[in-house]
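Scroll down for the structure; my scribbles are underneath it.
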Protein chains: 2
Amino acid sequence: MGNESSYKDKKVITIGIVRELTGLSERQIRYYEERKLIFPERTAGGSRKYSFADVELLVEIANKIEDGVQTHEIRKEMLKAQKKQNQEEIRRKMIQGQLNAQFGIRKGPASH
Amino acid sequence: MGNESSYKDKKVITIGIVRELTGLSERQIRYYEERKLIFPERTAGGSRKYSFADVELLVEIANKIEDGVQTHEIRKEMLKAQKKQNQEEIRRKMIQGQLNAQFGIRKGPASH
DNA sequence: CGTGTAAGGAATTCTGACACG
DNA sequence: CGTGTAAGGAATTCTGACACG
């Protein structure tokens, strides 16, 4: 469970590299954080660390802004999408819980 | 063809983060490069950039050194493994070439 | 051989602010 | 609102060298 591809979500990329990867300015990247659209981690010294997923998200954000969408709107969209995702996960887990209650806990497909 | 997971091989991690991820010292990381065991790219300013694959390789290298294997030996092992891989790829491609010559160029499984 | 360290300099990143609009 | 920029400082990284063994 929680099967992310491991590399994609690890926060290991500094802002300079993100700038290279996205073509955005550091100012833009920091501003989107200020507007709560992106959430880098920090090194001990205080430098920002981003994931590949963050890099892709940044590009999407920048595209929307270019289309005239305001950061506030983008944030609302993201929260909505996030909420929908959470709902789905809860639903999945409840169904799984029902199955477990009915047929007992199993890992993987039933052995034949 | 060339189906790498994209994130794993992209050189985007600076040496400080690699130090955090591996537990190795920067001195060690740079030394393994000097011994031709690892090949980071560079930013415009000259800072080293590593991939996740590099990070994993560094850990393997450090383990072997701890076991008393010298960098020179490790390098020979790596070259041998590399050569074997190349052989396999050539073989694969030749077989594919034969198949294409016999049955024409196809992409993916035959349509049913 | 493999690694630690001090040295000096350059590249990188940080924050808060002013500017434009 | 979103972004550029100059400012000053701190964290990061670089190289070449000396040390130990």
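Side chains are part of it too, since the values below use all heavy atoms of this structure and drop only hydrogens, waters and symmetry mates. Chain letters run A, B, ... following the sequence lines, proteins first, then strands; residues in each count from 1.
For the atom pair B/L24 CG and B/L58 CG, the distance stands at 6.0 Å (nearest 0.5 Å).
Annotation for B/K49: atom NZ counts as buried by contact number, over 12 foreign heavy atoms lying within 6.0 Å. Residue-environment remark: CD (A/Q98) stays at or below the threshold of 12 foreign heavy atoms within 6.0 Å.
Both B/G45 and B/R35 lie close to DNA chain C; mapped to their nearest nucleotides by heavy-atom distance, the more 5′-ward contact belongs to B/R35.
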Problem set entry | Dot-bracket encoding of pairs in DNA chain C, which uses [ ] for pseudoknotted crossings and | for another strand, Watson-Crick or G-U under 3.5 angstrom | .||||.||.|.|.||.||||.
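Using a 4.0 Å heavy-atom cutoff across all strands shown, B/R30 reaches at least one base atom of the nucleic acid.
A close approach under 4.0 Å does occur between a side-chain nitrogen or oxygen of B/T14 and OP1 or OP2 of D/dT13. Contact between the side-chain N/O atoms of A/Y32 and the OP1/OP2 oxygens of D/dG2 is not found at any separation under 4.0 Å. At the phosphate of D/dT12, OP1 or OP2 sits under 4.0 Å from a side-chain N or O atom of A/T43.
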Polar atom pairs (N or O), protein with nucleotides 4-8 of chain C, under 3.5 Å:
from	atom 1	to	atom 2	distance (Å)
C/dG4	OP2	B/S25	OG	2.6
C/dG4	N7	B/R27	NE	3.2
C/dG4	O6	B/R27	NH2	3.1
C/dT5	O4	B/R27	NE	3.3

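If you measure from atom CD of B/E33 to atom P of C/dT3, you get 15 Å, rounded to the nearest angstrom. Taking atom CD on A/E34 and atom C1' on C/dC14, their separation rounds to 14 Å, with Å as the unit. One atom, CZ of A/R42, and another, P of D/dT12, lie 12 Å apart when rounded to the nearest Å. Remark: C1' of D/dT12 and CZ of A/R48 are 15 Å apart, rounded to the nearest angstrom. We find that CD1 of A/I29 is positioned 10 Å from P of C/dC14, with the value rounded to whole Å. In this structure, A/Y31 places its OH atom 18 Å from P of C/dC14, rounding to the nearest Å.
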For this session: Any chance you could lay out the salt bridge (Lys or Arg N to Asp or Glu O under 4.0 Å) test for A/E73 and A/K64, step after step, and finish with the verdict?
Result: CA-CA 10 Å; A/E73 286 302 319; A/K64 286 184 184 170; over 6 Å; no
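Which of C/dT12, D/dT13, D/dT12 sits closest to the side chain of B/R19 comes down to D/dT13.
When all heavy atoms of A/M78 and A/L37 are compared, the pair lying nearest together is CE-O, 3.3 Å.
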